[in-house]
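Quick notes on the structure that follows.
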Amino acid sequence: QLHPVESGGGLVQPGGSLRLACLVSGFSLDVYAIGWYRQAPGKEREGILCMNNNTDITYYSDDAAKGRFTIFRDTAKKTVYLQMNSLKPEDTGVYYCAAELVTCGTSPPTLLGKYWGQGTQVTVTS
């Protein structure tokens with residue numbers, strides 16, 4: 001694979017939870033950092049969380065820092081997960097994962113210099 005592959009998005013009510021998965025079978029987690037990003041309609045893409053090749057975590061958003069969103073990985077499955085709890089309507093958007101060499105980047109992210117997935121839609125509405 002040349003790119004990560006996201007899955008797990010969908011429609012959820014406010015207060016609900018989703019777990020997104022990023023399959024990174026084409027990348028070595030000993031070498032690449034994996035980050036989660038999102039883009040709401042009409043807004044810039046922003047970072048949520050990123051885990052580098054040493055499992056150090058970068059918190060890009062206030063929600064991630066407060067613990068609503070967490071990142072973890074399963075090296076046997078070559079998958080990095082984003083667990084999202086207590087979802088709000090403003091969490092609606094397209095969620096992307098991206099791989100980059102060794103270190104996590106900035107937010108807003110640069111689109112070049114990363115291997116991006118195709119994105120998965122998350123819609124939070126009553």
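Excluded from the calculations below are hydrogen atoms, water molecules and symmetry mates; all remaining heavy atoms, backbone and side chain alike, are included.
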Arg73 charged N/C atom sitting above Tyr81 aromatic ring, 6.0 Å / 45°: no
Distance, nearest 0.5 Å, that separates SG of Cys50 from OH of Tyr37: 4.5 Å
Qualifying salt bridge (Lys or Arg N to Asp or Glu O under 4.0 Å) pairs with a residue from residues 107-126, counting only residues at least two apart or across chains: Glu100-Lys114
Asn54, CG atom: more than 12 neighbouring heavy atoms under 6.0 Å: yes
Atom pair OH/CG of Tyr96 and Leu111 - distance to nearest 0.5 Å: 9.5 Å
Under 3.5 Å side-chain donor-acceptor pair for Thr79 and Asp74: no
Distance-minimising heavy-atom pair for Pro109 and Trp116: CG-CH2, 4.0 Å
Those residues that, when tested against Arg68, pass salt bridge (Lys or Arg N to Asp or Glu O under 4.0 Å) (two or more places apart): Asp63, Asp91
Non-hydrogen side-chain atoms of Val102 and Asn52 separated by less than 4.5 Å: no
Euclidean distance, Cys22 SG relative to Met51 CE, rounded to 0.5 Å: 12.0 Å
Joint hydrophobic cluster, Ile57 plus Leu29, side-chain heavy atoms closer than 4.5 Å: yes
Test item: Glu6 side-chain N/O and Gly119 main-chain N/O as donor-acceptor pair under 3.5 Å: yes
Heavy-atom side-chain proximity of Gln13 to Val124 below 4.5 angstrom: no
Main-chain N/O of Thr123 paired with Thr92 side-chain donor or acceptor, under 3.5 Å: no
Qualifying residues under side chain to side chain donor-acceptor pair (under 3.5 Å), relative to Tyr95, sequence neighbours excluded: Arg38
Gap between atom CG of Leu82 and atom CD1 of Ile34 - 0.5 Å precision: 13.0 Å
Check: Asn53 side chain, Asp30 main-chain N or O, donor-acceptor pair, under 3.5 Å: yes
CZ on Phe27 to CG on Leu101, rounded to 0.5 Å: 9.5 Å
Side chains of Val94 and Thr120 in contact at under 4.5 Å (non-hydrogen atoms): no
Nearest heavy-atom neighbours spanning Arg45 and Pro108: O-CB, 3.6 Å
Close side-chain approach of Met84 to Val122, heavy-atom, < 4.5 Å: yes
Residues, nucleotides or ligands: over 12 heavy atoms within 6.0 Å of Glu44 CD: no
Contact check, side chains of Tyr32 and Val24, non-hydrogen atoms, under 4.5 Å: no
Minimum heavy-atom distance Tyr60-Cys104, with the two atoms named: OH-CB, 3.6 Å
Rounded distance [0.5 Å steps], SG in Cys97 versus CG in Leu20: 9.0 Å
Test item: His3 side-chain N/O and Tyr115 main-chain N/O as donor-acceptor pair under 3.5 Å: no
Side chain to side chain contact (heavy atoms under 4.5 Å, CB included) between Ser61 and Glu46, worked out: CA-CA 8 Å; Ser61 73; Glu46 64 178 359; 5.8 Å; no
